[in-house]
Amino acid sequence: MKSEFYEAIDGALIDEIAHKHGFCKRKRKLTPRNFLETILLRAHQGNQESLMDHVYELRQNRNISVRKQSLQNKFSCQAVAFMRELLEHQLKISNRLSDSSILNSFSKVYLQDSTRFGLPDQLKDDYPCFGGSGAQAGAQIQFVYELRRQQVCQMEVYSAKRNDAHLSVNNHWLEKDALVLRDLGYFTSDGFKEIIAKQAYFISKAKPKTTFYTLDNQKIDLKNLLNRIKQHGLQYIEENLIMGFEKQKKVPVRVIFSTVPDSVREQRLRNAQKNARTRNWTVTKEYKLWAGINVFITNIPTEVMTPGDIPMVYRLRWQVELIFKTWKSHYKINLYKAVKKERIECYLYGSLILILLQFQLFSWLQYRFDRQKIWLSIYKFSKVMIHLKTLFRQALIEGSKRFYNLMRMLISLSEEELIKEEKKGTIGYNSIITHCL
């Protein structure tokens, strides 16, 4: 673990990448590693720091004196390219972490999602936003998390205007026998067909108004199907069907239909009606029918996963939502003040590098507890890392001895403070993972 942690901040490698992108052309007081560290160490400050904050930090912790304007000039397109390649390098390191045994039927369990956040309006040309929230500029992070190894497989920054559907295909990380869990933003026929072509698996909810056909091309009457469920008191109906897109893009799927409690149906309708009023739409009869059901689609054979397991495993996707909450609550990745574009991009890539470094620590801790079937909370871990920022700073700057001090503290805290808790009356991560082992 120690070697993987320090490989990410190896001075020689950092200098090589800096020279490659023209960020550092000759020897200076402020080295590329100093530049990287001062950004990483202030990531928890919500990226609201001033240039003078950096100047003070360099003077206090490294005895380096640098002028404010000189530091401002360091935030350049070359600096952005340097930080971006460091992030790519860190992703490669992250993907070499040790394996653990969860959901053994699959080689990998991928959770794919995205998160969006506003940026200062001055960046609207480079990072256009949809504008519905009032923001003119915004970014999104496309994120793929592999659950078996607790590792990040992809982390890329785009304009907030880019559609998730465009990123449902051409995924280099997808491999044979893997399981993919996505939200409805990635619901495309090409996305499902790519997964099937690579002999991998998916679980997804179906979009409202999705059309299904029998294998002999008869359209499914959803109202009659729901009546069958109610009349016979069934928990669900399972069918092998064809999911309809365009004529040439129909996808064979295993479908699980089930009804939802009246309270859930009513809440869905309230949300739909509220959304319809803001957009001057009408909630259709067909949508009202869909509000009363859950429809899951998959290509996993019944002998591998039962109909009752499908919704439970799909709930694992909420781990990504928790990770995004962690980024915004603890790493403040969504807060940027109006400074030059290159400086904001350096802060953003710096925050992502810090997240990956700390994910490595979390993965190593979780591996220690896997055999005991004890699951740690990434949210609690990230919060603790804020309180241990002094120890983390020392480990980053001073080396091995400080690193072991940090790990001893984390191990001690893990046994009492970092264990996941389940809300009363809900099926939580602990229960799902234990069930799937």
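What you see is a predicted model; the values in this text were computed from it and never measured.
Heavy-atom contacts from other residues, nucleotides or ligands closer than 6.0 Å to NZ of K68 number 12 or fewer. For K198, the NZ atom counts as densely surrounded, since its 6.0 Å shell holds more than 12 non-hydrogen atoms of other residues, nucleotides or ligands. When the shell of 6.0 Å around OH of Y158 is examined, it contains more than 12 heavy atoms from other residues, nucleotides or ligands.
The structure places CD of E175 at 8.0 Å from CD of E146, a figure rounded to the nearest 0.5 Å. A distance of 4.0 Å separates CZ in F106 from CE in M305, rounded to the nearest 0.5 Å. Here the CD1-CD1 distance, from I310 to I203, works out to 4.0 Å after rounding to the nearest 0.5 Å. The structure places CD1 of I256 at 7.5 Å from OG1 of T302, a figure rounded to the nearest 0.5 Å. Taking OH of Y314 as the reference point, atom CZ of R182 lies at 11.0 Å (rounded to 0.5 Å). Note that CE of M155 is 7.0 Å distant from CD1 of I141, once rounded to the nearest 0.5 Å.
Among all heavy-atom pairs drawn from V384 and L413, the shortest one is CG1-CD1, 3.6 Å. Nearest approach of A81 to H21, heavy atoms of both residues: CB-ND1, 3.5 Å. The two residues Q112 and N171 have their closest heavy-atom pair at NE2-OD1, 3.8 Å. Pairing each heavy atom of E57 with each of T38, the nearest pair is OE1-OG1, 2.7 Å. Summarising the geometry of P311 relative to P307, their closest heavy-atom pair is CD-O, 3.1 Å, with the distance given to 0.1 Å. Nearest heavy atom pair, residue F187 against residue A206, reads CE1-CA, 3.7 Å.
Looking at heavy atoms from C-beta onward, V80 lies out of side-chain contact with K341 at the 4.5 angstrom threshold. Using a 4.5 Å heavy-atom threshold, the side chains of M409 and L406 count as separate. Put simply, the side chain of F381 does not reach to within 4.5 Å of the side chain of T326, judged on heavy atoms. Side chains of I323 and Y145 form a contact here, defined as non-hydrogen atoms less than 4.5 Å apart. Between V264 and N294 there is no side-chain heavy-atom pair separated by less than 4.5 Å. By the 4.5 Å heavy-atom criterion applied to side chains, L348 and M83 are not counted as neighbours. Looking only at side-chain heavy atoms (C-beta outward), C24 and F35 stay at 4.5 Å or farther from each other. Residues N299 and Y201 form a side-chain contact, since some pair of their non-hydrogen atoms from C-beta on lies under 4.5 Å apart.
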Please step through side-chain contact (heavy atoms from CB on, under 4.5 Å) for the pair K380 and L376, ending with a clear verdict.
CA-CA 8 Å; K380 290 182 179 180; L376 306 181; over 6 Å; no

Intermediate values then yes/no, side-chain contact (heavy atoms from CB on, under 4.5 Å), F362 and L418
CA-CA 10 Å; F362 177 78; L418 301 183; over 6 Å; no

Determine, stepwise, if the pair L51 / Q69 fulfils side-chain contact (heavy atoms from CB on, under 4.5 Å).
CA-CA 9 Å; L51 288 170; Q69 187 58 45; over 6 Å; no

Should Q72 and R343 be marked as a side-chain contact (heavy atoms from CB on, under 4.5 Å) after you check the CA-CA gap, both sets of side-chain angles, and the distance that decides it?
CA-CA 8 Å; Q72 170 77 340; R343 187 171 156 197; 4.2 Å; yes

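Residues R268 and N271 bring no donor and acceptor atom of their side chains to less than 3.5 Å of each other. No donor-acceptor contact under 3.5 angstrom links the side chains of R270 and Q273, judged on distance only. In the model, R408 has no side-chain atom that pairs as donor or acceptor with a side-chain atom of Y404 under 3.5 Å. For the residue pair S70 / N73, no side-chain donor-acceptor distance below 3.5 Å is found, with atom types taken as modelled.
Not counting sequence neighbours, the partners of E85 by the salt bridge (Lys or Arg N to Asp or Glu O under 4.0 Å) test are K20. A search for ring pair (Phe, Tyr, Trp, His ring centres under 6.0 Å) contacts involving F257 returns F212, not counting sequence neighbours.
Among I300, V109, L179, the one residue that satisfies the side-chain contact (heavy atoms from CB on, under 4.5 Å) test with V313 is L179.
A donor-acceptor contact shorter than 3.5 Å is absent between the side chain of Y110 and the backbone of C153. In terms of modelled atom types and a separation under 3.5 Å, the side chain of R116 and the main chain of A160 share a donor-acceptor contact. The closest donor-acceptor contact from the side chain of Q140 to the backbone of S159 lies under 3.5 Å. In terms of modelled atom types and a separation under 3.5 Å, the side chain of Q122 and the main chain of V339 share a donor-acceptor contact. Judged purely by atom type and a 3.5 angstrom limit, K205 has no side-chain atom pairing as donor or acceptor with the backbone of L184.
For the pair K325 and Y379, the distance from NZ or CZ to the six-membered ring centre is under 6.0 Å and the angle to the ring normal is within 45 degrees.
Outside the 6.0 Å centre-distance limit, the rings of Y127 and F117 are not counted as a close aromatic pair.
Ring-plane geometry between F82 and F23 is classed as parallel, the angle between the planes falling under 30 degrees on a 0 to 90 degree scale with a further cut at 60. A tilted orientation is assigned to the rings of F202 and F192, their planes being inclined by 30° to 60°. Ring planes of H54 and F75: tilted class, angle from 30 to 60°.
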